[in-house]
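Below you'll find the structure, written out as structure tokens, and then a few comments.
Along the sequence shown, residues are numbered consecutively beginning with 1. As the structure lists them, so they are numbered: ligands from 1, and atoms in each ligand from 1. Quick caveat, the model's predicted, so the values are computed rather than measured.
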Amino acid sequence: MSRWLLTGGAGYIGSHVARDLLTSGREVVVLDDLSSGIRERVPGDAELVVASVLDTEAVRRALEGVTGVVHLAAKKAVGESVEMPLMYYRENVGGVTSLLQAMDDVGTPCMVYSSSAAVYGEPPWSPISEDSPLAPLSPYGETKVIGEWMVRDVAAARELSWVALRYFNVAGAGSPDLGDPSVNNLIPMVFRALDQGEAPQIFGTDYPTPDGSCIRDYIHVSDLSAAHVAAADLVERELVGVALNVGTGVGSSVAEVMDAVSSVVGRDVGAVAVGRRAGDPPELVAQVERAQEMLGWSAQRGLADMVESAYAARR
Ligand code: WQD
């Protein structure tokens, strides 16, 4: 049985990954500073260390006997990163620096790094492959690119097997107690509007897409979580270094998401079209063949599952 460190394991995505790593037969140590994570979401079978990844000494201690690290702990709000770039560089780039230093000190051989489709910025084509140019449009996306490069560079200097997972639009919940508590993204924002008796908004209906609204690749958090376990299996088995898109390969427009929500709540949500939001690419869909080949993994759940489970888990 191997032992893994999961940073950010008390968060929305991390609490799913913690459960799946345990189910895969691994021991799990969660390291989380609980700045946005929730203590009650850490499964009882996992150990919890309350500390920041910036605390290299605490990370070094937590790495005792650990084969690999799944590194999720990071700031992730794009708009906030534009307002507070230094905080994003400190937390995200500083976090990877501190973690890699600790891993180097104790000789941890495996890593799964949480990256983002934000590394592509406004993609020149869609679906987008991992070899497409990296052109992030926000400090958040920049910190994710820098993190990938740092992991790659450390791996070139010593033996480190790594996978970077580039998440597309994560949604849904694996169980009603594990919903996304933040309201940064489309589906939580639609439910918040409905809870407040307001009309959900569609940001732009004049894009060059079939219905005029933006297209994204929404992936169920349980599928995303399963990709982490498959990546942990891969880095334990072989010496690799690769970035992989984690999406479904299928795009849905904002209008289609509104329809899916309408079906789940049993009435037309009455979405209204408003102007474009700055910086939104018209279409961002993952090319998923590389993840399928390397991980033997593919997404199983569709948009209806995501919306239904998010609805069941909304607070
Ligand atoms: C999805 C679509 C909006 C709210 C961001 C980050 C990305 C990743 C995921 C972290 C867009 C539209 C939204 C609303 C709307 N984050 N929208 N009405 O912008 O694709 O990606 O989150 O890793 O890096 O950039 O996600 O959920 O904000 O928006 O019409 O009330 O929904 O314009 O087309 P996005 P999102």
Q: Number the atoms of ligand 1 from 1 as they appear, then name those within less than 4.0 Å of a heavy atom of Ile202, with their elements.
A: 30 (O)
Q) What do you reckon, does Tyr218 put a non-hydrogen atom under 4.0 Å from ligand 1? A) yes
(Q) Taking 4.0 angstrom as the limit and counting only heavy atoms of Val254, give me the atoms of ligand 1 inside it, by number and element. (A) 2 (C), 12 (C), 30 (O), 32 (O), 34 (O)
Q) Quick one: does Tyr140 get within less than 4.0 Å of ligand 1, heavy atoms only? A) yes
Q) Just which atoms of ligand 1 are under 4.0 Å from any heavy atom in Gln201? A) 14 (C), 15 (C), 18 (N), 30 (O), 31 (O)
Q: May I ask you to identify the nearest protein heavy atom to atom 20 (O) of ligand 1, giving residue, atom name and distance to one decimal place in Å?
A: Arg216 NE, 2.6 Å
Q) Counting heavy atoms only, which of Phe168, Tyr167, Phe203, Tyr120 comes nearest to atom 4 (C) of ligand 1? A) Phe203
Q. Which protein non-hydrogen atom lies closest to atom 24 (O) of ligand 1, naming both residue and atom, and how far is it?
A. Ala118 CB, 3.2 Å
(Q) Return the closest protein heavy atom for atom 28 (O) of ligand 1 as residue, atom name and distance. (A) Arg277 NH2, 3.0 Å
**Q.** Residues, nucleotides or ligands: over 12 heavy atoms within 6.0 Å of Gln196 CD
**A.** yes
Q.
Using a strict threshold of under 4.0 Å (side-chain N to carboxylate O), is an ion pair present between Asp131 and Arg290?
A. yes
Q: Look at atom 5 (C) of ligand 1 and say which protein heavy atom is nearest, naming residue and atom and giving the distance to 0.1 Å.
A: Asn185 ND2, 3.9 Å
Q: Look at atom 34 (O) of ligand 1 and say which protein heavy atom is nearest, naming residue and atom and giving the distance to 0.1 Å.
A: Cys214 CB, 3.0 Å
Q) For Val163 and Val240, what are the C-alpha separation, side-chain angles and deciding distance, and is it a side-chain contact (heavy atoms from CB on, under 4.5 Å)? A) CA-CA 7 Å; Val163 171; Val240 294; 4.2 Å; yes
Q. Regarding Glu236 and Trp4, is there a side-chain donor-to-acceptor distance under 3.5 Å anywhere?
A. yes
Q. Checking Arg314 against Tyr311: charged group under 6.0 Å from the ring centre and within 45 degrees of the axis?
A. yes
Q: Verify the distance criterion only: is there a donor paired with an acceptor across the side chains of Gln287 and Ser129 at less than 3.5 Å?
A: no
Q.
Please verify the inter-ring angle class for Phe168 with Tyr120; under 30° counts as parallel, over 60° as perpendicular, anything in between as tilted.
A. tilted
Q: Can you sort out which atoms of ligand 1 are near Val78, meaning under 4.0 Å from one of its heavy atoms?
A: 6 (C), 25 (O)
Q. What is the closest protein heavy atom to atom 7 (C) of ligand 1, and at what distance does it sit?
A. Ser116 OG, 4.3 Å
Q | Contact atoms of ligand 1, heavy-atom distance to Leu186 under 4.0 Å | A | 4 (C), 13 (C), 14 (C), 15 (C), 17 (N), 18 (N), 27 (O), 32 (O), 36 (P)
Q.
With no hydrogens and no angle check, just 3.5 Å: does a side-chain donor-acceptor pair link Thr209 and Ser253?
A. no
Q. Can you check whether Ser2's main-chain N or O pairs, donor with acceptor, with Thr67's side chain at less than 3.5 Å?
A. no
Q) What protein heavy atom is closest to atom 33 (O) of ligand 1, reported as residue, atom name and distance in Å? A) Asp280 OD2, 2.6 Å
Q) Would you say the side chains of Gln292 and Ser298 form a donor-acceptor pair under 3.5 Å? A) no
Q: Can you pull out the closest protein heavy atom to atom 26 (O) of ligand 1? Residue, atom name and distance to 0.1 Å, please.
A: Asn169 ND2, 3.1 Å
